[in-house]
Amino acid sequence: MLQIDRWKRILIVGLTLLGLAMAAPNLFYERVEQHNDAVKTIEQTGVETPELIAARDGWPNWLPNRLVNLGLDLRGGAHLLGEVQVEQVYKARMDSLWPEIRRAMSDQRETIGAVRRLPAPEGILKLEIENAGAIPQAVEIVRGYSNPVTSLTGAGQQSLAIQADGNQITVQLSDAEKTATDQRTVLQALEIIRRRVDEVGTREPTIMQEGQDRILIQVPGIGSAEELKGLIGTTAKLSFNSVVGPTRDPDQAVSVGQEILPSQDEPGLYYIVESNPVVSGEELTDAMPATDQNGLPAVDFRFNPSGARKFGEYTSANVGQPFAIVLDNEVVSAPTIRQAITGGSGQISGKMEYAQANRLAVQLRAGALPAELNFLEERTIGPELGQDSIDAGSLSTIIATAAVVAYMVASYGLFGVFASISVIINVILILSFMGMMGATLTMPGIAGIVLTVGTAVDANVIIYERIREELRRGKKVVRAISDGFNEAMSAIIDANVTSFIAAAVMFFLGSGPVKGFAVTLTIGLVTSVFTAIFLTRLMIVWWIELRKPKELIL
Amino acid sequence: MAFRLKLVPDVTHFNFFRWQWLTFGLSAAAMVASVLLVLIMGLNFGIDFKGGTSIRTESPTAFEVSDYREALTTLNYGDASITEVFDPSFGADRHVAMIRIGTSDETGSVTPEQLNQIEAALKQVDPEIRFASVESVGPKVSSELVMTAFYAVAAATLGIMAYIWLRFEWQFAIGAVVALIHDVLLTVGLFALFQMRFDLTTIAALLTTLGFSVNDTVVVFDRCRENLIKYKKMPLIDIMNLTCNETLSRTVMTAVTTGIALTAMLIFGGDVVREFVIAMLWGVVVGCYSTIYVAKNIVLWLGVKRDWTKKDPKDTASPFSGAEAP
């Protein structure tokens, strides 16, 4: 037990030194952070400004540069938990299916007769045809729009669920298709939110899926959750629709395929527009903030070739008619077409501030969200509060460590010094591990480290107490130490496994700060077993080899 | 001879079962009292579990809670809870308040417009006020969080029980789990008694307490198992006492080091984690107590199979035979 091979010694010391080196950047947190940011910016933009170079050279390139991520509660920032309204996609799918079915059925007008859409709950398309006898043909037409579902779980199923009753047909997405659509919608939303947040250029945002249809967004350094919500909370669905006419009555009856949308600028003014857009925001290639001819904020945009062609054709056919620029179901403006616009670019102007124009441009560039988000949870933590927490956390960690060291040394003398060195190294190893894993340190996490300082000595205490007992039984020093380590092992293992179970449960069921705490605790368990068993033992072995002690007072 | 600080003498002969009826009765009474406290006084749930909005304000000038309340009452938030936070680490120019606004409607949290109104109203009372943190949780999430928290504590307990069952005997598993339930109940009871904020981090503290308490229990059980093999003829109660005396020094050492570390956090860690640390500190105390006075007693009552050569497992010491020192 007290013979440690040379290679094992090298391994233990090597691992410890590596851990210490990896933790070193955290001592120079700000400088390393600026270095990392500068390197990233230079890599992305390829431009090297004097400030960037100064920031980059503030920390040598060859040194480790991984830092512990600070959680929102330590750094300040915004946290949002949003639920994607996946049902909106069902509705959109049905609404776009209707004109296609209508067209297909009008081709067989002699057999089917007239067809019309009946009012139905959102996400359901209800049709009524004139000749009840032609229902099989009509169903056949609808079925033509159904595809096999392409997903692992829904394989072999059709995308549309079609029901016929008398002369009515009810169409909706099948359950398998709904599941597949939900997944797609959430992934798409994730991607677009990521793009929008990245465009604003904040550091290390966390954007991830939670559960079925939820998205967790954490952005450090942003002023408030409101600001973040402004950026990602709107779908930014842009479209260009033909206008039937203006109205003052929002409840006016309109024919199928048309809808009434409010004007953004003028309360009480509404426009009747065709639901099917001429061109939609997906066909934009670029958008940027600009000013209109009156010097007011506006957004310039450019279409892709197919969008430009469609828009050109439409405007040349409808000179003198108004068309509506619709953003998130509000008419931003409804200008009259003076001449054909074939250049493929245009401008959105309306009542907006410069910040709004800027945000809209970001949103248009990043693309529209497939569905709206409902926010279930929002938190803003100010940066000062975070700094206070860091200060309080570091102070209490230092005091806790000092007090534990004092107590250990008073209780066990030299062996207490060994245990203390292990405990201090343990704290540093926790930090370096967290840095390497990209784990996030939260305030409860700091409390977890402090707790680990207390419990990490436990393994050493178990061993030392055991050695004391063996010594009392009259065993020789080396023998007592060796037996002490051996006998204590099973208790140490059992004790740490049970703690690990609790930490694992926290990790899998917890969220936010609790998860961070669980990670810290787990890492602390692993490192404390390493330092208490391997490192302390190595120190004791060195001491024995050096002093060849005849007696030991413990 | 070098000086060694020893809180516990080298060899002790405490009889931990002399007062077993008193201690066990106390534990049982404390558990019942905790349940009653929770039922009668209820827990002071944080927004994590109840939904709503909590705002932390900081201001360099002193304020009156009643002024804040007045400002909020004009906005019809008369039921908001406003508490001033005191902390030894705050200087004279730091005055902190926690404002909690419950959920009124289905959407749960306060809307952005309402939030702006609230902030504006408070700014009128105190122009230097800062909003250090603003958190909202909707009722949909909060009810899920309650369930998740419950599952977490239950899953951790079951997991620990399964592990101890595998490593020891089922009697030990039962003993450890009863001790765990004891610790959880007493900690929750403490939160009910002092109406401390009970939220997600409290659950984390509770789970850590579980880990610590079972850690303690396992070390004692491990020694107990060893002694069971070593002293085949010794009555169970004597083995238990011997084990406890042998491990007493370690139990005290670890409790003290953990206590020292947590006390440092309690004093210097700031008010944000105070409740969290209190829960853990209390958990350490209760965890140590329950190992000695709850877990062991249960194992003693259930009896442990002693002689593996015989078929009859009833060959154990009578549970309540003479409680004398070995």
Side-chain angles (χ1 to χ4, degrees), chain A residues 81 224-226 229 375-382 384-385 388-389 392-393 395-396 399-400 403-404 407-408 410-413 443-444 447-448 450-451 453-455 457-458 461-462 465 468-469 472 490-491 494-495 497-499 501-503 505-506 509-510 512-514 517-518 521 553-554, chain B residues 1-2 4-6 10 56 89 109 112 115 130-138 140-141 148 151-152 155-156 159-160 163-164 167 200-201 203-204 207-208 210-212 214-215 218-219 222-223 246 249-250 253-254 256-262 264-265 267-270 272-273 276-277 280:
Chain A
L81 180 67
S224 72
E226 288 315 315
K229 245 162 88 174
F375 291 102
L376 305 174
E377 212 183 299
E378 39 184 297
R379 300 171 196 261
T380 310
I381 291 111
E384 298 94 352
L385 185 61
D388 288 348
S389 292
L395 180 67
S396 39
I399 291 176
V404 169
Y407 182 61
M408 286 298 284
S411 300
Y412 296 115
M443 193 58 194
V450 171
L451 181 78
V453 170
T455 53
V457 293
D458 181 50
V461 168
I462 295 176
E465 289 296 325
R468 271 184 181 174
E469 275 176 52
R472 274 201 297 274
S490 79
D494 283 339
V497 170
T498 44
S499 297
I501 292 175
V505 168
M506 267 190 264
L509 289 178
V514 177
F517 175 70
L521 208 60
I553 300 162
L554 194 66
Chain B
M1 187 171 167
R4 291 290 180 268
L5 174 68
K6 281 185 186 168
D10 279 349
R56 181 189 169 98
S89 68
S109 47
L115 205 58
R130 282 193 298 116
F131 300 96
S133 74
V134 181
E135 306 184 48
S136 301
V137 177
K140 191 170 177 184
V141 175
T148 319
Y151 288 142
I160 288 168
Y163 180 76
I164 295 181
R167 291 280 294 168
L200 266 187
T201 50
I203 297 293
L207 288 168
T208 318
L210 285 189
F212 181 85
V214 79
N215 184 319
V218 162
V219 172
D222 185 79
R223 198 50 173 285
E246 280 177 346
S249 178
R250 175 264 159 194
M253 264 314 282
T254 303
V256 170
T257 53
T258 315
I260 287 176
L262 286 175
M265 192 80 196
I267 298 172
F268 303 103
V272 179
V273 287
F276 183 69
V277 176
M280 290 210 279

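- Proximity to chain A (any heavy atom under 4.5 Å) is shown, for B:N215, by both the backbone and the side chain.
- Within the 4.5 angstrom heavy-atom criterion, atoms from both the backbone and the side chain of A:S490 approach chain B.
- With values rounded to the nearest 0.5 angstrom, B:R130 atom CZ is found 8.5 Å from A:L385 atom CG.
- Contacts between B:M280 and chain A at a heavy-atom distance below 4.5 Å involve the side chain alone, from C-beta outward.
- Closest approach of B:M265 and A:S396 over heavy atoms only: SD-OG, 3.4 Å.
- In terms of heavy-atom pairs under 4.5 angstrom with chain B, the leader among A:A502, A:G413, A:S389 is A:G413.
- Scanning both residues, A:S411 and B:R4, for their nearest heavy atoms gives O-CD, 3.1 Å.
- Looking at every heavy atom in both residues, B:A152 comes nearest to A:V505 through O-CG1, 3.2 Å.
- A:R379 contributes no side-chain N or O that, together with a main-chain N or O of B:S136, makes up a donor-acceptor pair within less than 3.5 Å.
- With chain B as partner, the option from A:V461, A:V450, A:D458 having the largest number of non-hydrogen pairs under 4.5 angstrom is A:D458.
- For A:I381, the parts lying under 4.5 angstrom from a heavy atom of chain B are both the backbone and the side chain.
- For B:G159 against A:I501, the heavy-atom pair with the smallest separation is O-CD1, 3.6 Å.
- Counting heavy atoms from C-beta on, the side chains of B:V219 and A:I462 come closer than 4.5 Å.
- Distance CG/B:L115 to CD/A:E226: 6.0 Å, rounded to 0.5 Å.
- The shortest heavy-atom contact between B:I260 and A:A403 is CG2-CB, 3.1 Å.
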*Could you give me the CA-CA distance, side-chain angles and deciding distance for B:Y163 and A:D494, then say whether side chain to side chain contact (heavy atoms under 4.5 Å, CB included) is met?*
CA-CA 9 Å; B:Y163 180 76; A:D494 283 339; 2.8 Å; yes

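- Most heavy-atom pairs under 4.5 Å with chain B: of the set A:A503, A:G448, A:A392, A:S224, this distinction falls to A:A392.
- For B:F276, the part lying under 4.5 angstrom from a heavy atom of chain A is the side chain only.
- Counting heavy-atom pairs closer than 4.5 Å to chain A, the top residue among B:L207, B:I203, B:V272 is B:L207.
- With chain A as the partner, the residue from B:I164, B:I160, B:V277, B:T257 showing the most heavy-atom pairs under 4.5 Å is B:T257.
- Heavy atoms of A:V404 lying under 4.5 Å from chain B belong to its backbone as well as its side chain.
- Residue contact with chain A, scored on non-hydrogen atoms closer than 4.5 Å, involves the backbone and the side chain of B:R250 alike.
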_Could you walk me through whether A:Y412 and B:M253 satisfy the side chain to side chain contact (heavy atoms under 4.5 Å, CB included) test, starting with their C-alpha distance in whole Å, then the side-chain angles of each, then the deciding distance to 0.1 Å, before giving a yes or no?_
CA-CA 11 Å; A:Y412 296 115; B:M253 264 314 282; 3.3 Å; yes

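- When all heavy atoms of B:Y151 and A:L509 are compared, the closest pair comes out as C-CD1, 3.8 Å.
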*Determine, stepwise, if the pair A:L376 / B:V137 fulfils side chain to side chain contact (heavy atoms under 4.5 Å, CB included).*
CA-CA 6 Å; A:L376 305 174; B:V137 177; over 6 Å; no

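- Of the residues considered (B:V214, B:V218, B:V134), B:V134 shows the highest number of contacts with chain A, using heavy-atom pairs under 4.5 Å.
- Of all the listed residues (A:A400, A:A495, A:S499), the one sharing the greatest number of non-hydrogen pairs under 4.5 Å with chain B is A:A495.
- Chain B forms the most heavy-atom pairs under 4.5 Å with one residue out of A:V457, A:D388, A:V453, and that residue is A:D388.
- Interatomic distance, OG of B:S133 versus CD of A:E384, reported as 11.0 Å (0.5 Å rounding).
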*Audit row: A:E465, B:R223, salt bridge (Lys or Arg N to Asp or Glu O under 4.0 Å) steps and yes/no*: CA-CA 12 Å; A:E465 289 296 325; B:R223 198 50 173 285; over 6 Å; no

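- Comparing B:G270, B:A155, B:A132, B:G211 by heavy-atom pairs within less than 4.5 Å of chain A, the highest count is held by B:A132.
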